[in-house]
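Beneath this line is the structure, given in structure tokens, with notes to follow.
Chain naming here is simple, since letters A, B, ... match the order of the sequence lines and numbering starts at 1 in each. Bear in mind that the values here come from a model prediction, so they are computed numbers and not experimental data.
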There are 2 protein chains.
Amino acid sequence: MAKKKTSIKDIAEALGVSITTVSFILNGKAREKRISDEMTGKVQDYIKKIGYKPSHIAQSLRLGKSKIIVFMVEDISNQFFASIARLIEEKAYKNGYKIIYCSTENDTIKTKELISTFKMRNVDGFIITPTPGLEHVVRKLLEEDFAVVLFDRWIPDVDCSYVVVENKLSAKEATQHLIHQGCKNLGFVTVDSSQTQMNDRMDGFLEALIGTEAKSAILKVKFHTISEQEASRKILEFFSSHPELDGVFFSTNYLAFEGLHALIKLGKKIPEQIRLVSFDDHYFFNLFQPPITAIEQPIEEIAENLMDLMLKQLEHGEVQNNKIILPNKLNLRESSVYK
Amino acid sequence: MAKKKTSIKDIAEALGVSITTVSFILNGKAREKRISDEMTGKVQDYIKKIGYKPSHIAQSLRLGKSKIIVFMVEDISNQFFASIARLIEEKAYKNGYKIIYCSTENDTIKTKELISTFKMRNVDGFIITPTPGLEHVVRKLLEEDFAVVLFDRWIPDVDCSYVVVENKLSAKEATQHLIHQGCKNLGFVTVDSSQTQMNDRMDGFLEALIGTEAKSAILKVKFHTISEQEASRKILEFFSSHPELDGVFFSTNYLAFEGLHALIKLGKKIPEQIRLVSFDDHYFFNLFQPPITAIEQPIEEIAENLMDLMLKQLEHGEVQNNKIILPNKLNLRESSVYK
DNA sequence: TTGAAAGCGCTACCAT
DNA sequence: ATGGTAGCGCTTTCAA
């Protein structure tokens, strides 16, 4: 029951040396401070024996750094974010950092509150999928010398490091692919919000149409959480009222899932009657019959780059505006191919 | 650029009062300490004005509590765990706690290391999906007065709070359902490890067979990460070499996904030739054609109970062995129903 | 009704 | 080569 926390002081006393000496040895400065090997060995042995671990809290207070990075995403239970979380976590731990996470739910107020809470916790860095209207807060964070890296989307007019993917280009390519497959009436289903990545995807879609005879219909749905009733109904309605559509582009996978539901309900044959493409590949797109063509974001590289930028800022403090834009991969599958 | 951290001292100076006074007011002890309303108001106004937030690090050091809970699961990118993470997070934040997470990868060594790291961070509580061989560590955690709640599985012989579901009962019911549908040769696909929840599911399966004419074939695969080649091959092999199977129970959803892959490859008709049931319902099971029958765990209640137990231990310190076992829901869908 | 000061565990400057 | 000690920001006891 008694939780006797051994402190550096206890060690010093037990060994009859000073706190300073122990601290230096603990921090690998034995050589530098020219402490005798004998002493060093003695202290290290003792430390190992009693399994002493220094208190990070005290270190944090002293150093003004917490070695904690916050990972703020729209929704941590979303597969895409969860996968990145997993990879980031690994890299962070390897470098002695811990990750705290939270879901912003795309709610600017909530996000602001969270950021403020984290500030008082002395977190060292922020990895954020910014919500609309966060410019000011992010700018302030930067001014106050926090390490910040945005991802998935970025904030126009704020000079902050980010890692995103080639949304526009990939969307354009995928749309062109549909056109090459003979689609004449294209649908585009996206979320009703001004997140940059979604805008870019739509731009890509529209750009692909220029100079072609293909017609288009666009649906924007409010989408907060997965399986939201409202969105589901809207999508069904959209397809019912647009029987002419012979090709559809979903700007993200959860919309595609709802779309599939709707199309199944309407008895549409994929790809014979309607061909599909979605952004954000997913394990199930490959499992579904027919398998769904999708644009795959390079999860590993995103995570890799995020932590690279983060660590660089954290350790060196200089790099502030690294913009990284990664290419995606279009995975062609049966859902989009003309039979 | 300059990050001028306002401290309680600055406030005291600016207002010409003592640190103590400010601290009392900050902690809502103004009344108790009989500080004049005038003073209280003055301080509060100033605090609001400059947007001061106390340093949690310093508080932690002083109080010996960090208000941080660790959420250690097998794999945070797994949908089931990610969903629970999301819900827990919410409850934690509401109560002033933060969540740090990490993936154990079911690796006992890694888990032990992580726990040791967290101890030195003074985290207050642990929510853990225990790996095999963690008895000792958990017991020690309890002895040292940390708040601990296990979930998904528990550890036999350790008197620790946990939240799990009725694995055996639900598995039994689902198996009986298959038998009622006329299955005579049942397959059971599970992971090759001695996690209690998996054992219970298998027990339920076997119990359902007692006294019936149904025969069974069991496959145990090592499964670390999703989409692992090896597991995929094993499952395909299993189905090829057991053409007699007319019903299969998957002990968890990712095995079912691999199983579906295999069955599609083998051209088996579901449910005409083979009927399926899986543990752990998933969004995709409903979307798949035919929709897959699955046992749904009560995610919300699990999260709810986890945090309840955690907070109770954290705030009162007494409750140590609350065992909560929640019922599941069998979602009948086409994959298991005789046509 | 308010303030001084000890001390949580640690790092690092300055002595010796 | 080793030690004394200030101080990070806060809470809380004791004193005034």
With 3.5 Å as the limit, what N/O pairs link the protein to nucleotides 12-15 of chain D?
unit_1 : atom_1 : unit_2 : atom_2 : d
D:dT12 : OP2    : B:K29  : NZ     : 2.9

Inset, instruction - Mark yes or no for whether A:T104, through its side chain, and A:D107, through its backbone, hold a donor-acceptor pair below 3.5 Å. - result: no
Inset, instruction - Kindly point out which of C:dC10, C:dG3, D:dG3 is positioned nearest to the side chain of A:A58? - result: C:dC10
Inset, instruction - Look at B:Y52 and D:dG9 and indicate whether a side-chain polar atom (N or O) is within less than 4.0 Å of OP1 or OP2. - result: no
Inset, instruction - Find the distance A:L15:CG to D:dT2:P and express it as a whole number of Å. - result: 12 Å
Inset, instruction - Could you tell me if the ring centre of A:Y162 sits under 6.0 Å from that of A:F151? - result: no
Inset, instruction - Rounded off to whole Å, could you give me the CD1-to-C1' distance for the A:I8 and D:dT5 pair? - result: 14 Å
Inset, instruction - Sorted by first residue and then second, give each salt bridge (Lys or Arg N to Asp or Glu O under 4.0 Å) pair with at least one member in residues 111-135 of chain A; sequence neighbours left out. - result: A:K119-A:E144
Inset, instruction - Provide, to the nearest angstrom, the distance between the CD1 atom belonging to A:I35 and the C1' atom belonging to C:dT16. - result: 15 Å
Legend entry - Euclidean distance, atom CD1 of residue A:I47 to atom C1' of C:dC10 [Å, nearest integer]: 13 Å
Inset, instruction - Rounded off to whole Å, could you give me the CG-to-P distance for the B:N122 and C:dC8 pair? - result: 14 Å
Legend entry - Between D:dG9 (C1') and B:I11 (CD1): distance, integer Å: 11 Å
Legend entry - B:S193 vs B:Q195, side-chain hydrogen bond (donor to acceptor under 3.5 Å, both in side chains): CA-CA, chis, key distance, verdict: CA-CA 6 Å; B:S193 95; B:Q195 301 162 30; 2.9 Å; yes
Legend entry - Distance, rounded to the nearest Å, where A:L61 contributes CG and D:dA6 contributes C1': 13 Å
Inset, instruction - State whether A:E105 and B:R86 are salt-bridged, where the test is any N-O pair (Lys NZ or Arg NE/NH1/NH2 against Asp/Glu carboxylate O) under 4.0 Å. - result: yes
Inset, instruction - Could you check which residues of residues 38-46 of chain A get a heavy atom under 4.0 Å from DNA chain C? Sort them by number, please. - result: none
Inset, instruction - Using a cut-off of strictly less than 4.0 Å, decide whether B:S36 has a side-chain nitrogen or oxygen near OP1 or OP2 of C:dT2. - result: yes
Inset, instruction - For the pair B:K94 and B:E89, find out whether any cationic side-chain nitrogen is under 4.0 Å from an anionic carboxylate oxygen. - result: no
Legend entry - Phosphate-side-chain proximity, A:S18 and D:dG3, N/O vs OP1/OP2 below 4.0 Å: yes
Inset, instruction - Could you tell me whether B:K29 sits above the aromatic face of B:F24, with NZ or CZ closer than 6.0 angstrom to the six-membered ring centre and within 45 degrees of the axis? - result: no
Legend entry - Rounded distance (Å) that lies between atom C1' of C:dT1 and atom CD1 of B:I25: 11 Å
Inset, instruction - Kindly point out which of D:dG9, D:dT2, C:dG3 is positioned nearest to the side chain of B:V17? - result: C:dG3
Legend entry - B:K91/B:D308 salt bridge by N-O under 4.0 Å criterion: yes
Inset, instruction - Can you measure from OH (B:Y97) to CD1 (B:I68) and round to the nearest 0.5 angstrom? - result: 11.0 Å
